[in-house]
Number of protein chains: 2
Amino acid sequence: MVLCVKLVNANYVFRALADPTRRAIFEQLTRQGEQTVHALTHYAGVSQPAVSKHLTVLKRAKLVQHRREGRETHYRAQPDALAPMVDWLRHYGAFWRDRFDRLETLLERMEP
Amino acid sequence: MVLCVKLVNANYVFRALADPTRRAIFEQLTRQGEQTVHALTHYAGVSQPAVSKHLTVLKRAKLVQHRREGRETHYRAQPDALAPMVDWLRHYGAFWRDRFDRLETLLERMEP
DNA sequence: ACAACTCATAACCGTACGGTTATGGTTTTG
DNA sequence: CAAAACCATAACCGTACGGTTATGAGTTGT
């Protein structure tokens, strides 16, 4: 069951980041921290409703969280939600998996 | 110019892996190595033309390569093409970036 | 030579997607 | 209190997407 949830969420994450506008919004939130919808709209170059819908998709993937403050909503990135994508890359991205495994091996050799 | 190409290709990679069927095909190629379209069709559970189209999308993202051999085409995964996605995660996935940076720091401390 | 196999492409279809404008609810400001 | 600001949702639209069946080109086997 937990696995199922993880897979479904991985789907949401992959789909959410497939759109360049959504990636740009997430990048902006990562770089600049919390932002209002207004600020994000100004940045994204599309209409405010479009931004709201993108934020909904990112929210579904748990890539962003929001905090109401009066009439404005502040969104912030939730980079932990990228974990399913990172896990997937660990499994199927041989190129980077090898690199990671080497580092992990080094770590293990150091720790004891 | 190189940056532009990289960005475009990152777009292709993200879009290609957004579809679960395409991810499944890529995963299968990663696990089992080279496969014919016929074998992939049997595995994917969709029609052969659908598989061909998915392979075209993966090819555009350079995630697979193909090799003609008589009447059959053998496809294989090209995990190096995941690099743009890994790079993106390094930039914007704070969660995993921190972890990576820690490992890199340890590496640097060891080397000298 | 002919039948069967493998694959890519074309043609088509329903739907999901990304965008827009319009609207309404809530909150701040004058 | 009225007006303006902020945001989410609804309604709508064109198009891209993922799937199908049909077809044709190239290759293999009998």
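Here is the naming used below: chain letters follow the sequence lines, and residue numbers restart at 1 for every chain. Being a predicted model, the structure only gives us computed values, none of them experimental.
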Exercise. Does dA8(C) have OP1 or OP2 sitting under 4.0 Å from an N or O in the side chain of Tyr75(B)?
Worked result: yes
Exercise. Is there a side-chain polar atom (N or O) of Thr73(A) under 4.0 Å from OP1 or OP2 of dC6(D)?
Worked result: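 Indeed not, no polar side-chain atom of Thr73(A) lies that close.
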Exercise. Does anything in residues 33-45 of chain A reach DNA chain C, meaning a heavy atom under 4.0 Å, and if so which residues?
Worked result: none
Seminar exercise, completed: Under a 4.0 Å heavy-atom criterion, the protein footprint on nucleotides 10-19 of chain C, written with B, S and -, is --------SB
Exercise. For every nucleotide of nucleotides 24-30 of chain C, 5' to 3': is a protein heavy atom under 4.0 Å from its base (B), only from its sugar-phosphate (S), or from neither (-)?
Worked result: ---BB--
Exercise. Are any of the side-chain heavy atoms of Phe14(A) and Met85(B) separated by less than 4.5 Å?
Worked result: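 In short, these two side chains touch, coming nearer than 4.5 Å.
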Exercise. Got Leu55(A) and His66(A) here, is their nearest side-chain heavy-atom distance under 4.5 Å?
Worked result: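 Side-chain contact under 4.5 Å: no.
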For this session: Return the set of residues passing side chain to side chain contact (heavy atoms under 4.5 Å, CB included) with Ala81(A) (not counting sequence neighbours), or none when no residue passes.
Result: Lys62(A), Leu63(A)
Could you pull out all donor-acceptor pairs under 3.5 Å where a side-chain atom in residues 39-48 of chain A meets a protein atom, sequence neighbours excluded?
residue: Thr41(A); atom: OG1; partner: Val37(A); partner atom: O; Å: 2.8
residue: Tyr43(A); atom: OH; partner: Arg31(A); partner atom: NH2; Å: 3.2
residue: Ser47(A); atom: OG; partner: Ala50(A); partner atom: N; Å: 3.4
residue: Gln48(A); atom: NE2; partner: Ser52(A); partner atom: OG; Å: 3.2

Problem set entry | Donor-acceptor under 3.5 Å (Arg22(B) side chain, Arg15(B) main chain) |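 Answer holds: yes.
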For this session: Not counting sequence neighbours, which residues clear salt bridge (Lys or Arg N to Asp or Glu O under 4.0 Å) with Glu34(B)? List them please.
Result: Arg67(B), Arg76(B)
Problem set entry | Residue pairs passing the ring-ring contact (aromatic ring centres under 6.0 Å, His included) test where at least one lies in residues 15-37 of chain A, sequence neighbours excluded |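 Only Phe26(A)-Trp88(B) qualify under ring-ring contact (aromatic ring centres under 6.0 Å, His included).
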Exercise. Excluding sequence neighbours, so at least two apart, what forms side chain to side chain donor-acceptor pair (under 3.5 Å) with Gln35(B)?
Worked result: none
For this session: Can you run down the salt bridge (Lys or Arg N to Asp or Glu O under 4.0 Å) pairs that involve residues 38-53 of chain A, sequence neighbours left out, and say none if there aren't any?
Result: none
For this session: Using the test ring pair (Phe, Tyr, Trp, His ring centres under 6.0 Å), find all partners of His74(B) that sit at least two apart in sequence or belong to another chain.
Result: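 Once residues adjacent in sequence are excluded, His74(B) has no partner under the ring pair (Phe, Tyr, Trp, His ring centres under 6.0 Å) criterion.
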Problem set entry | Distance-minimising heavy-atom pair for Arg60(B) and Asn9(B) | O-ND2, 4.1 Å
Problem set entry | Rounded (10°) bend between the five-pair end axes of the helix from dA1(C)-dT30(D) to dG30(C)-dC1(D) | 10°
For this session: Starting at atom CZ of Arg67(B), determine the distance to atom C1' of dA8(C), rounded to an integer number of angstrom.
Result: 18 Å
